Participant: 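Just passing along the structure, written as structure tokens.
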Amino acid sequence: MCGRFAVTTDPALLAEKIKAIDEATGASETGAGPNFNVAPTTTIATVVTRHNEPDDEATRRVRLMRWGLLPPWVKAGPDGAPDTKGPLLINARADKVATSPAFRNSAKSKRCLVPMDGWYEWRGSLEGPKGKKGGKTPFFMHREDGGLVCMAGLWSVWKPNKDADPLLSCTIITTDAVGELAAIHDRMPLMLPEADWDAWLNPDAPLDQELLSRPPAVSGIEMRQVSTLVNNVRNNGPELLEPAEAEPEQITLL
């Protein structure tokens with residue numbers, strides 16, 4: 001799964017790097033600065049490809065969205081905010097996005113990328129004394145060269161009523177973990193190489209099932225044990241990415 005991640009690239013710089021239109025800067029004061037502990041419901045920068053007009057060429061755009069997809073049919077509460085009594089849809093299984101009622105409409109034409117520096121995952125520890133369950137050990141997964149990783153995602157538009165401003169929200173697609181990553185958790189976000197971005201984002205093309213079913217390439221992905229400071233969402237600083245002090249584990253996948 002992917003329940004926490006880090007992103008430090010400014011949306012304007014991201015747009016410049018990937019040759020996209022920056023629709024994020026100035027749109028909101030949230031989600032624009034470095035965030036070393038991105039948690040569900042946070043506003044994050046995403047990448048979409050959209051048309052201005054039906055017949056013009058679709059272009060890449062960087063847009064801010066709430067992490068945790070809200071299907072259009074979610075009802076509004078008394079305060080006009082979405083009534084989210086159920087689980088937060090921060091992740092979507094790759095093998096179910098085309099059939100799940102919550103995701104299938106988005107999978108048809110509202111596909112996005114979620115750029116990040118890397119993501120956190122927690123490995124369950126061995127049993128403690130007298131058979132007690134041990135704690136979980138956090139790891140940070142990232143590119144060895146320090147570059148961005150872009151995860152496949154879906155997005156949606158939600159309104160409390162037809163006259164209200166739209167709220168954009170997204171989810172990160174997960175797949176079976178591969179290689180050494182499977183020793184940390186059995187699920188991982190679906191990484192997409194740059195060569196697949198256009199095919200994934202194309203709003204005029206049907207969903208490419210091959211992109212969903214192909215095992216992600218993890219060569220050059222490094223994972224290292226980090227401090228349990230990341231367990232608390234109130235902690236947010238570069239120290240979260242530092243190797244754990246007590247005999248940290250660090251592995252680079254080949």
Side-chain angles (χ1 to χ4, degrees), residues 1-9 35-40 42 44 46-47 67 88-97 103 111-127 133-154 170-197 200 208-231 233 238 240-254:
M1 64 173 295
C2 179
R4 212 81 66 74
F5 63 92
V7 58
T8 60
T9 302
N35 192 334
F36 299 90
N37 202 355
V38 180
T42 300
I44 60 173
T46 66
V47 182
W67 183 26
L88 288 171
L89 301 179
I90 61 170
N91 291 159
R93 289 182 62 98
D95 56 343
K96 294 184 178 180
V97 296
F103 303 124
R111 301 180 293 272
C112 66
L113 296 173
V114 179
M116 61 182 70
D117 293 31
W119 74 102
Y120 300 99
E121 196 52 78
W122 284 258
R123 183 181 66 188
S125 299
L126 299 174
E127 286 188 349
K133 234 179 182 180
K136 291 187 176 182
T137 304
F139 286 78
F140 183 63
M141 275 65 74
H142 62 100
R143 275 176 51 169
E144 184 183 17
D145 62 7
L148 285 172
V149 284
C150 286
M151 308 307 183
L154 305 174
C170 66
T171 188
I172 296 172
I173 296 177
T174 64
T175 188
D176 291 332
V178 297
E180 298 289 341
L181 295 176
I184 307 298
H185 197 279
D186 62 346
R187 305 290 297 174
M188 64 175 286
L190 178 59
M191 298 184 294
L192 289 181
E194 187 172 355
D196 292 331
W197 292 358
W200 177 254
D208 187 339
Q209 291 285 356
E210 198 265 337
L211 293 178
L212 290 172
S213 59
R214 187 174 63 202
V218 295
S219 175
I221 294 295
E222 184 176 279
M223 57 183 184
R224 65 170 175 268
Q225 183 181 338
V226 292
S227 168
T228 54
L229 286 171
V230 72
N231 295 358
V233 296
L240 300 185
L241 306 184
E242 295 297 323
E245 293 182 2
E247 300 183 4
E249 299 180 39
Q250 183 161 302
I251 302 171
T252 299
L253 306 185
L254 302 175

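Excluded from the calculations below are hydrogen atoms, water molecules and symmetry mates; all remaining heavy atoms, backbone and side chain alike, are included. Remember, predicted model here, so these are calculated numbers, not experimental data.
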Participant: Nearest 0.5 Å please: distance from the NZ atom of K136 over to the OG1 atom of T228.
Facilitator: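 That separation rounds to 14.0 Å.
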
Participant: Could you tell me whether the side chain of P216 reaches within less than 4.5 Å of the side chain of T175, counting heavy atoms only?
Facilitator: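 Answer yes - side chains close enough.
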
Participant: Checking R187 side chain against C2 main chain: does a donor-acceptor pair fall under 3.5 Å?
Facilitator: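 Not a single qualifying donor-acceptor pair exists.
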
Participant: Any side-chain heavy atom of V226 sitting closer than 4.5 Å to one from L240?
Facilitator: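 SC-SC contact between V226 and L240 ruled out.
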
Participant: Drop me the distance from L211's CG to I173's CD1, to the nearest 0.5 angstrom.
Facilitator: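 Between L211 CG and I173 CD1, I get 9.5 Å after rounding to 0.5 Å.
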
Participant: A side-chain contact here means heavy atoms from C-beta on lying under 4.5 Å apart; do T174 and M188 qualify?
Facilitator: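 SC-SC contact between T174 and M188 ruled out.
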
Participant: Donor-acceptor check, side chain of W200 to backbone of C112, threshold 3.5 angstrom: yes or no?
Facilitator: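 Yes, the answer is positive, given that a donor and an acceptor are paired below the 3.5 Å cut-off.
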
Participant: Give a yes or no answer on whether the side chain of R224 reaches the backbone of H142 with a donor-acceptor pair at less than 3.5 Å.
Facilitator: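 Checked: no pair found.
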
Participant: Among residues at least two apart in sequence or on other chains, which ones pass side chain to side chain donor-acceptor pair (under 3.5 Å) with R4?
Facilitator: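 If we apply the side chain to side chain donor-acceptor pair (under 3.5 Å) test to R4, skipping adjacent residues, the hits are N37.
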
Participant: Classify the ring geometry of Y120 against W122: parallel below 30°, tilted from 30° to 60°, perpendicular beyond 60°.
Facilitator: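 Rings of Y120 and W122: tilted, as their planes differ by 30° to 60°.
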
Participant: Give me the one residue out of E121, E222, H185 that meets side-chain contact (heavy atoms from CB on, under 4.5 Å) with M141.
Facilitator: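 Only one option passes, and that is E121.
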
Participant: Specify the closest pair of heavy atoms between P215 and V178, including all atoms of both residues, with the distance to one decimal.
Facilitator: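 In terms of heavy atoms, the two residues are closest at CB-CG1, 4.2 Å.
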
Participant: With no hydrogens and no angle check, is any side-chain donor or acceptor of T171 less than 3.5 Å from a backbone partner on I90?
Facilitator: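 Confirmed, T171 side chain pairs with I90 backbone.
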
Participant: Enter the distance from L241:CG to S227:OG here, rounded to the nearest 0.5 Å.
Facilitator: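 Spacing of CG (L241) from OG (S227) equals 11.0 Å.
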
Participant: Of all the heavy-atom pairs spanning W197 and C150, show the shortest one and how long it is.
Facilitator: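 Shortest heavy-atom separation between W197 and C150 comes out as CZ2-SG, 3.5 Å.
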
Participant: Taking all non-hydrogen atoms of both residues into account, name the closest pair between M191 and P193 and its distance.
Facilitator: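 For M191 and P193, the tightest heavy-atom pair comes out as O-CD, 4.1 Å.
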
Participant: Is any side-chain heavy atom of I172 less than 4.5 Å from a side-chain heavy atom of M116?
Facilitator: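 Yes, their side chains come closer than 4.5 Å.
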
Participant: Nearest 0.5 Å, what's the CG-CZ distance between D117 and F5?
Facilitator: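 Reported to 0.5 Å precision, the distance equals 10.0 Å.
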
Participant: For a quick test of reading the model, state the closest non-hydrogen atom pair linking P115 to V47 and the distance between them.
Facilitator: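 Closest pair (atom of P115, atom of V47, distance): CG-CG2, 3.9 Å.
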
Participant: State which residues pass ring pair (Phe, Tyr, Trp, His ring centres under 6.0 Å) with W119; sequence neighbours excluded, sorted by chain then number.
Facilitator: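 None.
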
Participant: Can you tell me how far CZ of R214 sits from CG of D208, rounded to the nearest 0.5 angstrom?
Facilitator: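 Reported to 0.5 Å precision, the distance equals 8.0 Å.
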
Participant: Below 4.5 Å, heavy atoms only, C-beta onward: do K96 and F103 meet side chain to side chain?
Facilitator: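 No, side chains not in contact.
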
Participant: Where do L181 and M223 come nearest, in terms of heavy atoms and distance?
Facilitator: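 Looking at all heavy atoms of both residues, the closest pair is CD2-SD, 3.6 Å.
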
Participant: From F36 CZ over to T8 OG1, what is the distance, rounded to the nearest 0.5 angstrom?
Facilitator: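 It comes to 5.5 Å.
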
Participant: Given side chains that start at C-beta, do those of I44 and V7 come closer than 4.5 Å, heavy atoms only?
Facilitator: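 No, side chains not in contact.
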
